[in-house]
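To start, the structure itself, in structure tokens.
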Amino acid sequence: MLQQTRVEAAIPYFEKFLQLFPTLRALAEAEENAVLAAWSGLGYYSRARNLHKAAKKLSVEGIPAAQDRDAFDQLRGLPGVGPYTAAAVASIALGLPHAVLDGNVMRVISRVAADPGEVSAPGTRRRFGELADQLLDRRRPGDFNQAMMELGATVCVPRSPACAECPVSRFCAGRAAGIERELPVKKRAAEVREVALELVVLQQAGEVFLVRRAETESRLAGFWELPEKRRMAGLAGAPQKSFTHQIVNDRFRVNVWHTRRRNTKTERIAEGRWVPLCALGDLPVTTITKKALQALGLDPPIPSRAVGV
DNA sequence: AAGTCGGGGAT
DNA sequence: ATCCCAGACTT
């Protein structure tokens, strides 16, 4: 649950899981649907499937013990258990000397060592991992790892680190050099370019929906969805994300935008044509895929026309 | 090495 | 509006 998810967000789900699946056997014998239902709202649902598979595997092969020479490798071999999770369980649950390297620790290490390495580069990860292993308190590896992550989450935060309250600022090379805010170095994401947008009006069972499909290089490409009510209500307001709707009198249009991710730059490149507006009704706030539309018997019709560049 | 998966909080 | 999160897996 803690993979890419804040502790506070995971806690209620964790407690619900212990209620629903109090033992390894209970989880292993549960239906996958029940596991996914309990996970619903947490996101990254492959984590739930992997957790379920791991429980099944562990219930057959047994749970790794601290005495096992290959305890770390056993953990690493479970579905959904990568370098971070294997090190976290090995150190916290089994007391074994494996340093964790997550987003928080990477930030702390990069600053303490004033290391300008790009964080996604394999060489940087290896270097940070080696330093974390050197720093690790081998008598209390679990506590050390949690302390490193907590330091990153509460003091050595991304935007404005609280160096005055930091227990290790005396040893921090990044702080000494005054570059703590520049670290860690991250690669800028590639530009995402929106190339077209199709828009159709879908009439079904007396209700009228506006359905759009973004033809982009992003992950929305090819998906049909219902526009959010908030965007429709925004009318001539500020743009949101990569396209907006405008409604004036009895017509509507869609504006298409260039977007860059992680670069704070949104550049307007085209405005859609004005087309007649049907009665919109009360639009649901939801996002659905083309597949889901078909399952509901709401096959999207032929697009009325493509708008944009 | 790059892309994908999500919901939510902080700034 | 953007960034980031106690990452892992596939391509």
Side-chain angles (χ1 to χ4, degrees), chain A residues 1-14 36 39-51 53-54 75-93 98-110 118-125 128-129 132 141-162 181 183-192 216-223 225 230-231 234 237-242 244 257 259-268 285-287 289:
Chain A
M1 287 178 182
L2 294 174
Q3 291 168 359
Q4 291 290 284
T5 299
R6 294 171 192 275
V7 177
E8 305 75 42
I11 286 174
Y13 287 89
F14 174 77
L36 286 170
W39 199 275
S40 181
L42 255 188
Y44 282 136
Y45 295 97
S46 65
R47 296 182 301 179
R49 290 191 245 283
N50 285 333
L51 175 64
K53 287 182 198 161
L75 292 168
R76 183 65 182 79
L78 294 168
V81 177
Y84 164 76
T85 305
V89 174
S91 65
I92 297 171
H98 293 270
V100 298
L101 200 57
D102 70 343
N104 285 315
V105 177
M106 297 266 289
R107 185 167 55 253
V108 172
I109 295 281
S110 71
E118 202 282 314
V119 288
S120 73
T124 305
R125 300 192 79 97
F128 287 9
D143 288 344
F144 177 87
N145 280 331
Q146 293 185 70
M148 286 287 279
M149 294 187 283
E150 190 72 4
L151 185 64
T154 62
V155 176
C156 196
V157 294
R159 310 293 184 105
S160 45
R181 285 166 183 263
L183 298 171
V185 174
K186 297 199 172 189
K187 191 174 0 180
R188 215 167 66 180
E191 179 176 352
V192 178
T216 74
E217 300 168 15
S218 77
R219 68 183 185 192
L220 283 178
F223 281 69
E225 60 186 8
R230 174 165 56 86
R231 286 194 187 124
Q240 300 196 6
K241 297 200 172 174
S242 53
T244 58
W257 308 76
T259 63
R260 295 167 188 268
R261 287 230 273 260
R262 199 173 281 177
N263 185 336
T264 75
K265 191 156 184 179
T266 302
E267 173 190 0
R268 180 157 142 177
V285 181
T286 182
T287 299
T289 63

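Order of the sequence lines fixes the chain letters, A, B, ..., with proteins taken first and strands second; residue numbering starts at 1 for each chain. Quick caveat, the model's predicted, so the values are computed rather than measured.
In terms of phosphate contacts, Thr85(A) brings a side-chain nitrogen or oxygen within less than 4.0 Å of OP1 or OP2 of dA8(C). Side-chain N/O atoms of Arg76(A) include none lying less than 4.0 angstrom from OP1 or OP2 on dA8(C).
In this structure, CG of Leu51(A) is placed 16 Å from C1' of dA6(C), rounded to the nearest angstrom. In this structure, Leu101(A) places its CG atom 12 Å from P of dC5(C), rounding to the nearest Å. Counting to the nearest Å, the P atom of dA2(B) and the CD atom of Glu118(A) are 9 Å from each other. The CG atom of Leu2(A) sits 8 Å away from the P atom of dA6(C) (whole-angstrom rounding). Taking atom OH of Tyr45(A) as the reference point, atom P of dT10(C) lies 20 Å away to the nearest angstrom. Remark: P of dC5(C) and OH of Tyr44(A) are 11 Å apart, rounded to the nearest angstrom. With rounding to whole Å, Leu78(A) atom CG is found 15 Å from dC9(C) atom C1'. To the nearest angstrom, C1' of dG7(C) lies 14 Å from CG of Leu42(A).
Distance check on atom C1': dC5(B) versus dC4(C) gives 15 Å, rounded to whole Å. Annotation: dG9(B) and dA8(C) have their P atoms spaced 23 Å apart (nearest Å). dG7(B) and dT10(C) are spaced 22 Å apart, taking the C1' atom of each and rounding to whole Å. Comparing the C1' positions of dC3(C) and dG6(B) gives an interatomic distance of 15 Å, to the nearest angstrom. Between dG8(B) and dC9(C), the two C1' atoms lie 23 Å apart (nearest whole Å).
Thr5(A) places no side-chain N or O within 3.5 Å of a backbone atom of Leu2(A) that could act as its donor or acceptor partner. A donor-acceptor pair is defined here as one N or O able to donate and one able to accept, closer than 3.5 Å; no such pair exists between the side chain of Arg47(A) and the backbone of Gly80(A). At distances below 3.5 Å, at least one donor-acceptor pair connects side-chain atoms of Arg107(A) with backbone N or O atoms of Gly152(A). In this structure, Asn145(A) contributes its side chain and His98(A) its backbone to a donor-acceptor pair below 3.5 Å.
Residue Asn104(A) has its side chain nearest to dA6(C) when only dA1(B), dA6(C), dG6(B) are considered. Minimum atom distance to the side chain of Arg159(A) is reached by dT11(B), of the listed dT11(B), dA8(C), dC5(C). Distances were taken from every side-chain heavy atom of Lys186(A) (C-beta onward) to each of dA6(C), dC9(C), dC5(C); the shortest belongs to dC5(C). Picking from dG7(C), dC4(C), dA6(C) the nucleotide with the shortest atom distance to the side chain of Gln3(A) gives dG7(C).
Nucleic acid contact class of Val81(A) (heavy atoms, under 4.0 Å, all strands): sugar-phosphate only. Residue-level contact check: Arg49(A) touches neither bases nor backbone, having no heavy atom under 4.0 Å from any strand. Within 4.0 Å (heavy atoms only), Gly41(A) reaches sugar-phosphate atoms of the nucleic acid but no base atom.
For dG6(B), the base has a donor-acceptor partner in the side chain of Thr5(A) [N/O atoms by modelled type, under 3.5 angstrom].
In this structure, Ser160(A) and Arg6(A) both approach DNA chain B, and ranking their closest nucleotides by distance from the 5' end singles out Arg6(A). Heavy-atom nearest nucleotides on DNA chain B were determined for Val157(A) and for Tyr13(A), and the one closer to the 5' end corresponds to Tyr13(A).
Contact of the Pro161(A) side chain with the Arg181(A) side chain is registered, since non-hydrogen atoms from C-beta on lie closer than 4.5 Å. No side-chain heavy atom of Val100(A) sits less than 4.5 Å from a side-chain heavy atom of Met148(A).
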